[in-house]
Structures are given as structure tokens and as C-alpha cells.
Amino acid sequence: MILWKSIHDPEVAALLPATTASLESWSDETMLPPSASFDALASDMRNLVEVARIGELALRLNREQPGFRQLVERSAAKIHDEGTPLVETDRRWSDPASWRLIKRASEPYTPRYLLNAVDMRVTPDGTIGRQDEQRQIYLRLFARTILVAAIVTGLCALIGYPFAYALSVSEGMLRSALYFVVMLPFWTSLLVRTTAWIVILQRQGVVNELLVSAGLIADNERFALIYNFFGTVIAMVYVLLPFFILPLQAVMRGIPGQYVRAAESLGGNPARVFRRIYLPMTMPGIVAGGALVFILSLGYYVTPALVGGRTGQLISNQIAFHIQSSLNWGLAAALGTLLLMLVILISMVFSRVVPIGRPQR
């Protein structure tokens with residue numbers, strides 16, 4: 001249904017049935033449509049005012065071109081209350097571009113949302129062009145989302161690899177204690193864990209207080225560690241680190257120890273043994289954990305929403321905004337569709353790099 005919503009938009013046609021039907025025969029779009037279209041639009045607007053739905057039409061058309069909300073609401077009020085002819089309510093109804101926009105918006109199947117999701121748009125004359133500069137935000141958000149996912153995955157690999165090794169070679173109580181450390185975050189609510197980072201990283205939080213107490217920074221030079229890009233990365237690394245450690249340590253525990261001992265007996269130093277023997281054998285675990293962390297990072301919502309601020313927002317936050325606040329479900333569906341395609345593409349690339357689940361030779 002979400003994929004369908006990104007290309008199916010019958011809202012304007014349902015709100016303006018008479019206008020949509022009258023514009024189907026309008027072929028020369030450089031000229032004004034016939035007078036019947038003016039009468040049809042005036043009739044549709046009058047009906048929408050009576051059922052209190054003119055705001056839906058105004059909001060929908062304003063997404064196509066800023067300023068249309070005021071035009072529609074003002075014209076509808078004059079038509080309903082004063083009986084003013086449509087063409088006399090506003091001079092913009094004498095511009096063919098306004099009618100072209102309504103005709104494009106009344107088409108039930110449209111690429112507009114998908115184009116908007118990549119900062120493109122269908123112009124009133126039917127061509128495809130770039131969005132206005134102040135509205136070009138989604139490609140930057142996608143780039144930021146991929147960057148955050150890559151940084152989080154890299155940090156999880158850097159921190160998680162030695163921890164996974166320690167977990168794989170430990171036994172008894174030590175192994176139980178290390179497992180407890182890894183599994184503990186899963187026993188705590190995600191909301192609680194994220195909120196805890198606000199307490200730790202804020203200007204009056206634990207980290208800044210320790211730095212001030214130790215004399216490393218002045219009281220008026222506290223670091224801004226939260227509500228920004230840095231805070232988003234730190235909180236996401238903490239939440240997603242177990243998803244990297246667990247599959248990696250499972251692979252490490254299945255590696256026979258005699259391979260490393262044989263390499264050492266043949267004169268290999270520890271660094272060379274690790275690079276030539278141990279690291280390649282753990283690559284399936286690295287790829288599995290890295291793919292899991294990277295894909296989860298692409299769709300993360302709660303953590304960036306709470307600790308991201310302006311510079312830490314990801315594409316998932318924009319999807320939530322259009323669903324909950326702007327009610328532009330078509331654009332939200334288009335953004336979600338592109339995110340899904342990105343995840344599928346990355347999954348295919350990961351499976352090509354290392355075919356997880358197959359024995360390595």
C-alpha cells in the first residue's frame with residue numbers, strides 16, 4: 001500500500017470531479033480552458049465549502065505551488081458568499097499556468113512524489129526540473145543518512161571486533177559476564193537508553209561535569225555533545241553495537257584454533273597471522289554484523305528524533321513528519337520507497353561481497 005501510495009494520487013480528482021472531467025478535453029494548454037471549466041471549478045469549490053472540505057483542496061494544491069492555498073480559499077469564499085464569478089475572484093485564474101497545474105494534479109497516477117523525493121518537480125508546463133533551492137533537502141538528507149550509517153558501522157566494527165574476540169575465547173564466568181554486558185541494552189527500553197545519553201552528554205551532563213572538575217575545560221567552554229550530528233552517532237553506536245558483536249563472535253567461535261597455531265609455527269608473526277589467516281576467516285561475521293548495523297541505521301528514527309537536533313536528523317524523521325504533521329502521505333511513501341530500494345541495493349552488494357551462509361575456502 002505504501003508503494004502504491006507513492007504513485008497513486010486521486011485526491012484532487014475526487015475533490016474536483018466536474019473540473020477534472022471538463023479539463024480532459026482541454027488540449028491547447030497555452031490557452032485558457034473553455035468557459036465550462038470555469039463553471040465546473042466554481043461549482044466544485046462551492047460544494048467543497050458547503051461540506052467544509054475546501055481546506056483539503058487548498059492544502060493539496062499548495063504542495064504543487066506555494067501560494068495556491070490562499071488563492072483557492074479566497075476564491076471559494078467569494079464564490080460561495082458573494083456569488084462572484086471565478087475569473088473575477090483573482091487574476092491568476094486568467095493565467096493558463098494555474099489551470100495546467102490543476103490538470104496535472106488531477107491525474108490519478110503521478111511521478112510527482114517520487115520526483116520530489118529526489119529534489120525534482122514537474123513544472124506547470126509539464127517539464128521536469130530541479131526544485132527551488134530552498135526546497136532541495138531530501139538528497140542532502142539521504143546523503144546524511146548514508147554517512148551516519150557508514151560512520152556508525154565503522155565505529156561498531158572498531159569497538160566490536162576486539163570485544164567479540166574476547167567473548168569468543170573466554171570461558172566460564174568471564175564469558176557469562178561479557179555476554180551480560182552485550183545483552184544488557186536489550187533488557188532496557190530504547191527510549192530509556194536514548195534519554196540516558198541526554199543526561200550524559202548535555203552541557204550540564206556527566207561528561208562535561210567530569211571535564212570541568214578535572215580542569216580540562218573551563219566552565220564556560222563546555223562541549224555541545226547532544227542535539228547534533230555527534231550526539232546522534234554516539235547514541236546509535238551504543239544501541240547498535242550488540243547487533244555487530246553477536247554475529248561476529250558466533251563466527252569467531254567456529255574458527256579452529258589450530259589454523260592460527262599452525263601459521264605461528266611456520267614463522268608468522270602475530271600481525272601477519274591476523275592479516276593473512278584470522279581476519280579473512282572472520283570476514284563473514286564482519287559482513288553480517290556490518291550489514292545488519294548499516295541497514296538498521298538507515299531506517300533509525302527514535303534516536304535521531306530525541307538527540308539529533310537540527311544537524312542530526314535523518315530521512316526517517318522526514319518520513320515521520322510527513323505522515324504525522326504535514327499529512328503528505330504521498331511524499332512520505334515516496335521517501336519510504338526510495339529508502340527501501342536503497343536497502344535492497346545495499347543488501348545485494350553485501351551478499352555479492354561475501355556470500356553469507358556459504359562455507360569460505
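Model, not experiment: these values are computed from the prediction. Here, residue 1 is the first one in the sequence, and each next residue gets the next number.
A heavy-atom distance below 4.5 Å is found between the side chains of L59 and R69. Put simply, the side chain of V237 reaches to within 4.5 Å of the side chain of V233, judged on heavy atoms. Counting heavy atoms from C-beta on, the side chains of L241 and F163 never come closer than 4.5 Å. Taking 4.5 Å as the limit, some side-chain heavy atom of E50 sits within range of a side-chain heavy atom of H80. Looking at L211 and R222, their side chains never come closer than 4.5 Å, going by heavy atoms from C-beta outward. Side-chain contact check for I234 versus L155: every heavy-atom pair is 4.5 Å or farther apart. Between F180 and W187 the shortest side-chain heavy-atom distance falls below 4.5 Å. Using a 4.5 Å heavy-atom threshold, the side chains of P96 and T30 count as separate.
Of all heavy-atom pairs spanning S326 and R63, the tightest one is O-NH2, 3.6 Å. Here the closest heavy-atom approach between residue G67 and residue N62 is recorded as N-OD1, 2.9 Å. Summarising the geometry of S6 relative to T337, their closest heavy-atom pair is OG-OG1, 3.7 Å, with the distance given to 0.1 Å. Nearest heavy atom pair, residue L248 against residue G160, reads CD2-O, 4.4 Å. In this structure, P304 and Q313 approach most closely via the heavy-atom pair O-NE2, 2.9 Å. When all heavy atoms are compared, the tightest approach of V152 to V293 is CG1-CG1, 4.0 Å.
To the nearest 0.5 Å, atoms CD1 (I151) and CZ (F294) are separated by 10.5 Å. Atom-to-atom distance recorded for I146:CD1 and S297:OG is 12.0 Å, nearest 0.5 angstrom. Note that CG of L339 is 5.5 Å distant from CD1 of I319, once rounded to the nearest 0.5 Å. To the nearest 0.5 Å, the span separating CD on Q318 from CD1 on I315 amounts to 6.5 Å. For the atom pair F68 CZ and L57 CG, the distance stands at 9.0 Å (nearest 0.5 Å). Atom CG of L240 and atom CG of L292 lie 8.0 Å apart (nearest 0.5 Å).
The pair E88-K78 fails the salt-bridge criterion, with no side-chain N (NZ, NE, NH1 or NH2) lying under 4.0 Å from an Asp/Glu carboxylate O. Under the 4.0 Å criterion applied to side-chain N and carboxylate O atoms, E29 and K103 are assigned as salt-bridge partners.
Residues D9 and T110 have side chains that never bring a donor and an acceptor to within less than 3.5 angstrom of each other. In this model, a donor atom of one side chain and an acceptor atom of the other lie less than 3.5 Å apart for W93 and S75.
Transitive grouping of hydrophobic side chains (ILVMFWY, heavy atoms separated by less than 4.5 Å) brings F223 and Y238 into a common cluster. Following chains of ILVMFWY side-chain contacts shorter than 4.5 Å, one can reach M348 starting from L340, so the two form part of one hydrophobic cluster. Cluster annotation: F142 and L115 are assigned to the same hydrophobic cluster (Ile/Leu/Val/Met/Phe/Trp/Tyr, side-chain heavy-atom contacts under 4.5 Å, transitive). Hydrophobic clustering (ILVMFWY, side-chain heavy atoms < 4.5 Å, transitive): L158 and F230 are in distinct clusters. Under the 4.5 Å side-chain heavy-atom criterion for Ile, Leu, Val, Met, Phe, Trp and Tyr, L15 and V51 are members of distinct hydrophobic clusters.
A distance-only check finds no donor-acceptor pair linking the side chain of R53 to the backbone of L48 [under 3.5 Å]. In this structure a side-chain-to-backbone donor-acceptor pair under 3.5 Å is missing from Q204 to E209. Of the possible polar contacts, none joining the S43 side chain to the D39 backbone as a donor-acceptor pair under 3.5 Å is found. In this structure, D119 contributes its side chain and Y138 its backbone to a donor-acceptor pair below 3.5 Å. Listed for the D132 side chain is no donor-acceptor partner under 3.5 Å among the backbone atoms of R135. Looking at R74, its side chain never comes within 3.5 Å of a backbone N or O of T89 through a donor-acceptor pair. The closest donor-acceptor contact from the side chain of W26 to the backbone of D28 lies under 3.5 Å. No donor-acceptor pair under 3.5 Å is formed between the side chain of T145 and the backbone N or O of L298. A donor-acceptor pair under 3.5 Å is formed between the side chain of R193 and the backbone N or O of T188. At least one donor-acceptor pair closer than 3.5 Å links the side chain of Q136 to the backbone N or O of Q131.
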Notebook entry, point to check: side-chain contact (heavy atoms from CB on, under 4.5 Å) between F321 and N328: does it pass, once the steps are laid out?
Noted result: CA-CA 9 Å; F321 168 76; N328 191 349; over 6 Å; no
Next item on the list: In sequence, state the C-alpha distance, the side-chain angles, and the governing distance for W197 and V239, and then conclude on side-chain contact (heavy atoms from CB on, under 4.5 Å).
Entry: CA-CA 11 Å; W197 279 106; V239 172; 5.7 Å; no
Next item on the list: Test D44 against T20 for side-chain contact (heavy atoms from CB on, under 4.5 Å), laying out the working first.
Entry: CA-CA 10 Å; D44 284 334; T20 301; over 6 Å; no
Checklist line | Worked verdict on Q202 versus N208 for side chain to side chain donor-acceptor pair (under 3.5 Å) | finding: CA-CA 7 Å; Q202 63 183 327; N208 275 304; over 6 Å; no
Notebook entry, point to check: Between E64 and V12, is a side-chain contact (heavy atoms from CB on, under 4.5 Å) present by the stated rule, with each step listed?
Noted result: CA-CA 11 Å; E64 301 295 326; V12 174; over 6 Å; no
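The number of heavy atoms from other shown groups lying within 6.0 Å of CZ (R272) does not exceed 12. Atom CZ of R130 is surrounded by more than 12 heavy atoms from other residues, nucleotides or ligands within 6.0 Å. Heavy-atom neighbours of F186 CZ from other residues, nucleotides or ligands within 6.0 Å: above the threshold of 12. Counting non-hydrogen atoms of neighbouring residues, nucleotides and ligands closer than 6.0 angstrom, the CE atom of M341 exceeds 12 such neighbours.
Residue L306 forms a side chain to side chain contact (heavy atoms under 4.5 Å, CB included) with just one option from L191, T232, I226, and that option is L191.
Ring geometry for Y278 versus Y165: interplanar angle over 60°, hence perpendicular rather than tilted (30 to 60°). Between F38 and W99, the ring planes are tilted. Angles from 30° to 60° get that label.
Taking a 4.5 Å side-chain heavy-atom cut-off between Ile, Leu, Val, Met, Phe, Trp and Tyr, the cluster of W4 extends to I7, Y109, L114.
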